Amino acid sequence: MLDLQFICENAELVSENNRNRGVDVDVARVVELRGQRGELQQHGDALRGEQKTVSKQTGQAKSQAEREPLIARGKELRELVATAEEQLAAVQCELDDLVSQIPNMSHPDAPVGKIDKENIEVRRVGEIPVFNFKPLDHVELAEKHDLIDFEGGARVAGSGFYFLKNEAVFLEMALIQFAMNKLRGEGFTIMSTPDLARQDVLHGTGYNPRGEETQIYSIAGTDLSLIATAEIPLGGLLKDQIVELEKLPLKYAGVSHCFRTEAGAAGKASRGIYRVHQFSKVEIFGFTAPNLEASNAFHAEIVRIEEEIFQALRIPYRVVDTCTGDLGGPAYRKYDLEAWMPGRGDAGEFGEVTSASNCTDYQARRLGVRTRIPDKKGTQFVHTLNGTAVAISRALVAIFENYQRADGTIGIPEVLQKWVGAEQIG
RNA sequence: GGAGAGGUGGCAGAGUGGCCGAAUGCACUGGUCUUGAAAACCAGCGUCCCGCAAGGGACCGGGAGUUCGAAUCUCCCCCUCUCCGCCA
């Protein structure tokens with residue numbers, strides 16, 4: 001959520017940003033509603049002020065005769081206040097609805113574009129493997145080595161679910177171990193998070209469980225939903241808290257299951273475990289001081305760590321600067337890592353494996369995470385950032401496909417071998 | 001899941017219908033005193049909304065209700081603690 005005052009004072013700028021992001025919100029209407037809200041609020045405040053005075057006088061009145069006209073006026077005021085509050089609530093409701101649709105502002109250097117094709121490749125790292133045989137994709141490899149049971153997953157929970165089997169299980173745990181150790185070494189507090197979250201936490205982090213095209217599974221009869229990422233519980237961790245400035249930045253790494261309905265993704269359905277309803281992920285989340293120097297620095301740190309993880313796994317990747325139309329609501333700037341996946345497309349393609357977003361104060365404003373700055377009155381919203389350390393399903397695709405060998409075996413990345421307890425599969 | 005006790009400012013904790021945005025203590029900030037510190041004393045010290053400001057308003061877990069008036073009474077919900085049951 002953007003600051004309402006900022007929106008109204010920079011209506012043209014906000015509208016332009018909306019256009020760049022492919023979002024259509026009537027900003028002029030927001031300005032109009034804000035004016036109405038101010039008037040209604042002052043009107044209501046005045047009525048409540050009188051109500052307060054009258055009720056106080058009623059309490060101090062000495063006789064019944066003195067009291068009666070005051071009580072009568074009080075009854076009138078109760079009606080008037082109720083009406084005023086209804087009007088205010090209606091305006092506030094429309095205002096909230098519009099404001100919540102306005103995306104964050106964008107970094108001035110973020111590429112302007114509508115779709116992911118317009119993202120800009122920043123750099124490539126690692127050697128794309130050349131095979132002297134026809135490489136298999138991860139589904140074929142998994143079948144050959146009995147690593148994933150898709151039929152069993154479908155029987156239990158439907159299409160899009162799967163069982164990991166054998167070395168794939170150890171690989172999952174090894175990737176989590178590896179990422180968590182790395183992050184702890186970088187000074188992060190490591191967490192294992194709830195896999196469910198309340199409605200207000202979902203909303204605060206920018207996820208909408210009720211929308212038509214929601215990615216979120218909801219638990220019937222409760223206000224809980226399955227989380228789509230540990231970003232949700234980690235963001236909610238400090239909901240409505242005031243954090244001391246000296247404690248920032250707060251750096252967390254959380255492992256969780258992630259659940260996604262993938263509604264609307266039917267057309268882009270892909271083979272195997274690239275796009276699934278459930279996977280495990282180690283997520284990075286940070287709260288920084290409320291200034292761009294602090295959050296941009298932490299953003300760079302997240303990207304550095306993500307790259308170091310994929311470098312350590314020896315998987316070739318490229319870094320992509322996400323264009324405005326592909327940023328989503330909360331991000332101010334976003335970098336994705338795309339790993340080389342030899343089994344994808346006709347002759348291999350890059351596929352997204354991580355993303356790193358600076359959400360500035362957009363999430364914090366909704367979540368109510370604030371800090372105090374000396375010499376500034378009141379509180380300021382902190383900046384929040386999130387990034388993927390490792391999404392297991394996507395990482396497995398990249399590992400299987402890049403590490404396959406002519407003899408049919410699959411190598412295991414050296415840094416994971418001590419946890420997997422083997423050097424290769426097969 | 002059952003029974004009970006609770007949820008008040010940064011923390012502790014009083015407050016059972018108007019004099020309460022809220023006693024008191026601790027913490028914190030400034031000052032006096034002191035060579036300095038401590039102690040003592042004095043003063044200040046919540047968040048949010050509207051407003052250029054002066055100022056006004058909201059907030060005692062959340063929501064609805066009763067009342068001229070609710071931290072205080074009623075109902076629903078959430079959370080915490082204790083005990084019992086169940087259970088990884």
Side-chain angles (χ1 to χ4, degrees), chain A residues 1-9 30-96 98-100 192-204 209 218-225 233 236-248 250 256-257 287 290 361 364-382:
Chain A
M1 184 166 64
L2 289 181
D3 178 55
L4 185 59
Q5 191 177 348
F6 175 86
I7 296 170
C8 293
E9 287 171 1
V30 170
V31 175
E32 188 187 339
L33 286 166
R34 182 175 182 241
Q36 284 180 19
R37 186 185 70 167
E39 284 169 24
L40 286 169
Q41 180 151 5
Q42 289 202 42
H43 178 235
D45 283 357
L47 286 172
R48 259 190 301 270
E50 188 186 346
Q51 193 178 33
K52 249 181 152 168
T53 314
V54 167
S55 71
K56 192 167 278 188
Q57 287 169 349
T58 309
Q60 289 164 348
K62 292 180 190 70
S63 67
Q64 195 59 26
E66 222 177 300
R67 198 167 291 137
E68 261 166 20
L70 290 167
I71 289 177
R73 178 60 182 158
K75 283 186 174 173
E76 261 172 47
L77 283 167
R78 186 165 65 195
E79 297 302 316
L80 291 170
V81 167
T83 308
E85 281 178 351
E86 262 170 52
Q87 289 171 342
L88 180 62
V91 168
Q92 186 72 52
C93 183
E94 188 183 347
L95 190 58
D96 288 345
L98 285 176
V99 169
S100 71
S192 166
T193 80
D195 284 342
L196 284 83
R198 281 181 205 290
Q199 178 79 36
D200 55 355
V201 172
L202 274 285
H203 185 255
S218 294
I219 308 291
T222 73
D223 77 335
L224 291 168
S225 296
L237 187 66
L238 296 179
K239 189 174 139 53
D240 295 325
Q241 304 298 299
I242 298 174
V243 184
E244 285 172 49
L245 188 63
E246 308 81 66
K247 295 200 170 138
L248 298 173
L250 282 168
S256 80
H257 292 116
F287 301 88
D361 60 0
R365 182 168 289 106
R366 257 191 226 182
L367 285 166
V369 187
R370 291 156 294 157
T371 190
R372 274 185 249 269
I373 308 251
D375 304 326
K376 270 199 184 179
K377 81 173 167 202
T379 53
Q380 265 68 44
F381 294 105
V382 303

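Keep in mind that this is a model prediction, so the values were computed, not measured.
Among the candidates A:S192, A:P194, A:S256, the single residue satisfying the side-chain contact (heavy atoms from CB on, under 4.5 Å) test with A:P233 is A:P194.
Taking side-chain N and O atoms only, A:T379 has a distance below 4.0 Å to OP1 or OP2 of B:rC48.
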Sequence-aligned protein contact record of nucleotides 49-56 of chain B, with B where the base is within under 4.0 Å of a protein heavy atom and S where only the sugar-phosphate is: BSS----B
What does nucleotides 67-77 of chain B look like as a protein-contact string, B for base, S for sugar-phosphate only, - for none, at under 4.0 angstrom between heavy atoms? BBS--------
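Taking atom CD of residue A:Q241 and atom P of nucleotide B:rG46, one finds them 19 Å apart after rounding to whole Å. Regarding A:K52, its NZ atom lies at a distance of 12 Å from the C1' atom of B:rA22, rounded to whole Å. The distance from atom CD of A:E244 to atom P of B:rA27 is 16 Å, rounded to the nearest whole Å.
Shown here, B:rU74 forms a base pair with B:rA64; the pair counts as Watson-Crick or G-U wobble because both key distances fall under 3.5 Å. Base-pair partner of B:rA40: B:rU32 (Watson-Crick or G-U wobble, both distances under 3.5 Å). Across all strands shown, the partner of B:rG6 is B:rC79, judged by Watson-Crick or G-U wobble contacts whose two distances both fall under 3.5 Å. Nucleotide B:rG46 is matched to B:rC59 when pairs are restricted to Watson-Crick or G-U wobble geometry with both distances under 3.5 angstrom.
Remark: the separation of the C1' atoms in B:rA37 and B:rU32 is 15 Å, to the nearest Å. A gap of 35 Å separates the P atoms of B:rG13 and B:rU66, to the nearest Å. Taking atom C1' in both B:rC28 and B:rG10, the straight-line distance is 9 Å, to the nearest Å. B:rC26 and B:rG17 have their C1' atoms separated by 31 Å, with the value rounded to a whole Å.
Screening residues 49-60 of chain A for salt bridge (charged side-chain N to carboxylate O under 4.0 Å, His left out), with sequence neighbours left out, gives A:E50-A:R73.
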